[in-house]
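Letters A, B, ... are given to chains in the order of the sequence lines, protein chains preceding strands, and every chain is numbered from 1.
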2 protein chains.
Amino acid sequence: VLGIVARLKRIVRASVVGVGALLVLALLFVAARLALYRQADDAEHVATKRAFLERLRGLPPPAGGRPSFVVVLFDDLGHGDLGAYGGAAIRTPHLDRIASDGVMFRNGYAASPYCSASRAALLTGRYAVRSGMDHVLQPAGTDMAWLLRLGWRNHRLPAEEITIAEALAAAGYATAAVGKWHLGAASPSLPNDRGFDSFFGTLYSNDQGRPEILEDGRVVEPHPIDQTTLTRRYTERAVRFIETHADRPFFLYLAHNFPHVPLHVADDRRGRSDAGLYGDVVEELDASVGEVVAALERSGAAERTLLVVTSDNGPWFQGSPGGLRGRKMDVFEGGMRVPLLAAWPGRLPGGRVVDEIAAGIDLFPTVLDLAGLPLPDDRAIDGESLAGLLEGRDWVRREPLHYYSISKLLAVREGRFKYHAPHAVLYGNPMDWAWGPMRRSGPWLFDLDLDSEESYDVSARHPAAADRLRAVLAARERADRSNPHGWR
Amino acid sequence: VLGIVARLKRIVRASVVGVGALLVLALLFVAARLALYRQADDAEHVATKRAFLERLRGLPPPAGGRPSFVVVLFDDLGHGDLGAYGGAAIRTPHLDRIASDGVMFRNGYAASPYCSASRAALLTGRYAVRSGMDHVLQPAGTDMAWLLRLGWRNHRLPAEEITIAEALAAAGYATAAVGKWHLGAASPSLPNDRGFDSFFGTLYSNDQGRPEILEDGRVVEPHPIDQTTLTRRYTERAVRFIETHADRPFFLYLAHNFPHVPLHVADDRRGRSDAGLYGDVVEELDASVGEVVAALERSGAAERTLLVVTSDNGPWFQGSPGGLRGRKMDVFEGGMRVPLLAAWPGRLPGGRVVDEIAAGIDLFPTVLDLAGLPLPDDRAIDGESLAGLLEGRDWVRREPLHYYSISKLLAVREGRFKYHAPHAVLYGNPMDWAWGPMRRSGPWLFDLDLDSEESYDVSARHPAAADRLRAVLAARERADRSNPHGWR
């Protein structure tokens, strides 16, 4: 018996030593990876960017002068939330009026199904995979931030990327960012580093870490912030900026924190909507848009200003995808197809519902086009100028729409057909990874005209379309591998 | 140096021994659990069941005689797949005719978002949690089967449960099961053990293990089976059974394998549907229903037969949930709300669209009611007889509808309101478990009249409804804990 006890003791001791040694090795590896982590900027393209911006500085304005731009970006607003898009539960009269007086896109897309990636793409005209901003930034110190660091992912928009604000600022625009940034919490990737004269808002989503409000570089309201007044404060800042700068070209980027969770609304608006708190929040956002439009009209800037309203991705826990499949984080339509409205009284033929595909990546080239500015020639710009489409001219999209999830290209759409790569569900839902049977999804070809819910694979019925889009996707994957940043 | 090498050697040796010892212990635990696994039947309730069936044997038929029953159960058919339910991509004239001549339920539900659980509930009138059949049965030898065994889950419908077929057989019905069983691959839980005079079909889903076709106890077609002729062969069997038994009360349970994946269709039907292969498959199923109806009419049984058509859960990879949120395995509506049609020419006032809630659990009490048979009194029957509703009389559902995921009660619906417990998304999507932020979903109260897409929590607007349903859910959870089987 004693011999057995002694042997058991030895085994237990050996176990402790062995497992301990393995743990130490693993910890050393993790610690080294975390300690060595850094994000480098690309000096060569920082230089070519600088040269491009310098070139913009010298350009004369186009005939008729430079227009102003107001971009209102909602966070997690669904394709079916607005009255104009068929929603019946929430009252959105101001947004509906933009839809009925301006241009309403039935096939408008965020460039990614997540926050940071969608914003990086919106402001640079390039899919987020190019800037390595293809994930969701996390506040330093959180578990998720450590995981991203361990995965060696970018933690800020690289300096070499060109934002709309940088281009417009170089061309003499007054610029302001109000609301959520989500593209980095350190220089050279803070809003004021990236072309915005002023910034007022949060660096992350309103549920991440300990939200605080910054004005330019300073924290003006530490955690915990009053989220019930966020929309009102953003609106006031936006209105004041418009009123102060109405006599010159300006760019206002109003990126609301809502309807991202946690939901908060002004006290006097709580309980008003049939659709509960989410509805209250969206109705306050609608009223905010009404105030922005009123400020444009009052200040006389409306007829010199392109107003664009959209969302960074589809709805998350609440919010309606409007009958589309999937939600935020999915490459199904519900994750990326969002409300997209544009108005420019007197310039855009109004009251139009447009079926052409338009996406967040198109904003950069559209804005530069309308401002009479060239595109940079050192890099691929994935978006296409919508100027012709907005102005009611014949317009044909040149490139298919690409649906990325993190850095994976999972689907492409051209016209009515959307092709999902095999395992397309995988990245939206890890259950597919965890559970073998789920992996058999895709490849799929959906005919979105017939089946907006992405329910019927028609690849056998339309083999040529399936082959073509499969080849488009494969070619893009190859290009992404060989030149992920799209340098020229 | 030699000292360090010797020490490293000792550490490596210790590691191997230590990790090895831990692995051996874990394996011993797993092996013991797998070896000791068994599923016991409940002798007491096997006896009370026997007494109940004995009692049925002695009962005289009701005035007008006993009707026949045909239940057609599809596998993974979506709420939006049929023309009658708004689907535009697939042609389903025979099912649409049943909808227009008979009774169409707009709020018809499967009793579970999965196969086995839904079938157990359908055939016993009790939520699957009562029989411990709340998961998806897996063929012996597969990884998933070992996992279920490790989790000590039931691998067959317990002997003490009473199926519709057992009750009807006791009352003198001819009974047949054609198609997928999925309630056990061993006695006393094979179809022929559970009240069916005959069985022809598969014991599992058509994607599980190595599918083979059984006739009664015998394998008549080993793996690999010809799945392209499955629907046709099932239909022929069903038609033959009707023709052979038209002169006496009969019960036909026709549980098609499709449109569960992998999709297969008769060669002469391939490529016909606009909705691709899925559409071809559903169109063949529709034609099958047409042949069953024709057989009922031809044989003169139609006016003595209640025909019920439904699905075991919502659509999976393909198939349309008809704009509802979620799919198979979700407790969102898309996972459980399914087509539900009933017809009985001459008896049911036809051409009715019914908004009352009806579910798979209601079939058992409805059938027994119409056959003039009492319910067992030793156990809770969760369903309610729909006889009054079907016959056009005033009818009010007594109990809320319960949405279980595995053994977890995640939501309840009463009238227009549906309450989701906190973490409701968790069991439908393990990402919520893996990733903290996702856990903040729920509790939610959805007003399905306003918002069939389950997008707007209105608990603050309807606090009394939220409180009531929260209490209903909590009370049911308590009852399930104290008396999971619902014995009386």
Side-chain angles (χ1 to χ4, degrees), chain A residues 10-22 78 80-81 88-90 143-144 207-208 261-262 270-271 273-279 315 317-323 325 329 425 428-431 434-438 440-442 444-445 447 450-451 453 455-461, chain B residues 10-22 78 80-81 88-90 143-144 207-208 261-262 270-271 273-279 315 317-323 325 327 329 425 429-431 434-438 440-442 444-445 447 450-451 453 455-461:
Chain A
R10 271 211 308 284
I11 287 177
V12 168
R13 199 178 311 128
S15 302
V16 171
V17 171
V19 172
L22 283 180
D81 283 330
I90 306 178
D143 299 349
M144 290 293 289
D207 67 333
Q208 292 185 295
V261 291
R270 174 174 283 270
S273 167
D274 291 335
L277 180 55
Y278 186 95
F317 302 106
Q318 295 190 54
S320 163
R325 184 169 180 173
M329 297 195 278
V425 181
N429 182 347
M431 182 157 194
W435 191 34
M438 287 294 255
R440 283 163 313 179
S441 57
W444 286 325
L445 183 76
D447 176 349
L450 173 84
D451 162 33
E453 222 173 5
S455 293
Y456 306 122
D457 170 33
V458 294
S459 51
R461 200 161 179 84
Chain B
R10 272 211 308 284
I11 288 179
V12 168
R13 199 177 310 128
S15 304
V16 170
V17 172
V19 173
L22 284 180
D81 282 331
I90 306 178
D143 300 349
M144 290 293 289
D207 67 333
Q208 292 185 298
V261 290
R270 175 174 283 269
S273 167
D274 291 336
L277 180 56
Y278 186 96
F317 303 105
Q318 296 190 53
S320 164
R325 184 169 180 173
R327 290 177 164 257
M329 296 197 278
V425 181
N429 182 346
M431 181 156 193
W435 191 33
M438 287 296 255
R440 282 163 314 179
S441 57
W444 286 324
L445 182 76
D447 176 350
L450 172 84
D451 163 33
E453 221 173 6
S455 293
Y456 305 123
D457 170 34
V458 295
S459 50
R461 199 163 180 83

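Going from atom OH of B:Tyr456 over to atom CD1 of A:Ile90 covers 3.5 Å, rounded to the nearest 0.5 Å. For the atom pair B:Trp444 CH2 and A:Phe317 CZ, the distance stands at 7.0 Å (nearest 0.5 Å).
For B:Leu277, the part lying near chain A is the backbone, with the side chain staying farther off; criterion is any non-hydrogen pair under 4.5 Å. In this structure, no portion of B:Ser459 lies under 4.5 Å from any heavy atom of chain A. Proximity to chain A is absent for every atom of B:Asp143, based on heavy atoms less than 4.5 angstrom apart. Heavy atoms of B:Asp81 lying under 4.5 Å from chain A belong to its backbone as well as its side chain. Neither the backbone nor the side chain of B:Ala460 comes within contact range of chain A, judged by heavy atoms closer than 4.5 Å. In this structure, chain A has no heavy atom under 4.5 Å from any part of B:Leu445. Contacts of B:Asp451 with chain A are absent, with no heavy-atom separation under 4.5 Å from either backbone or side chain. Looking at B:Arg13, neither its backbone nor its side chain comes within 4.5 Å of chain A, counting heavy atoms on both sides.
No other option in B:Leu450, B:Val17, B:Asp274 has as many heavy-atom pairs under 4.5 Å with chain A as B:Asp274. In terms of non-hydrogen atom pairs under 4.5 Å with chain B, the most contact-rich of A:Gly276, A:Gly319, A:Gly322, A:Ala21 is A:Gly319. When A:Ser273, A:Gly80, A:Gly78 are compared by the number of non-hydrogen pairs under 4.5 Å with chain B, A:Ser273 comes out ahead. When the candidates B:Pro315, B:Ala89, B:Pro321, B:Gly271 are compared by the number of heavy-atom contacts under 4.5 Å with chain A, B:Pro321 comes out ahead.
Distance alone, capped at 3.5 Å, places no donor-acceptor pair between the B:Arg325 side chain and the A:Ser320 backbone.
The two residues B:Asp207 and B:Pro262 come nearest to each other via the heavy atoms CB-CD, 3.6 Å. Nearest heavy-atom pair across B:Gln318 and A:Ser455 is CB-O, 3.0 Å. Taking both residues in full, the closest heavy atoms of A:Val19 and B:Leu22 are given as CG2-CD1, 3.6 Å, listed atom of the first, atom of the second, then distance.
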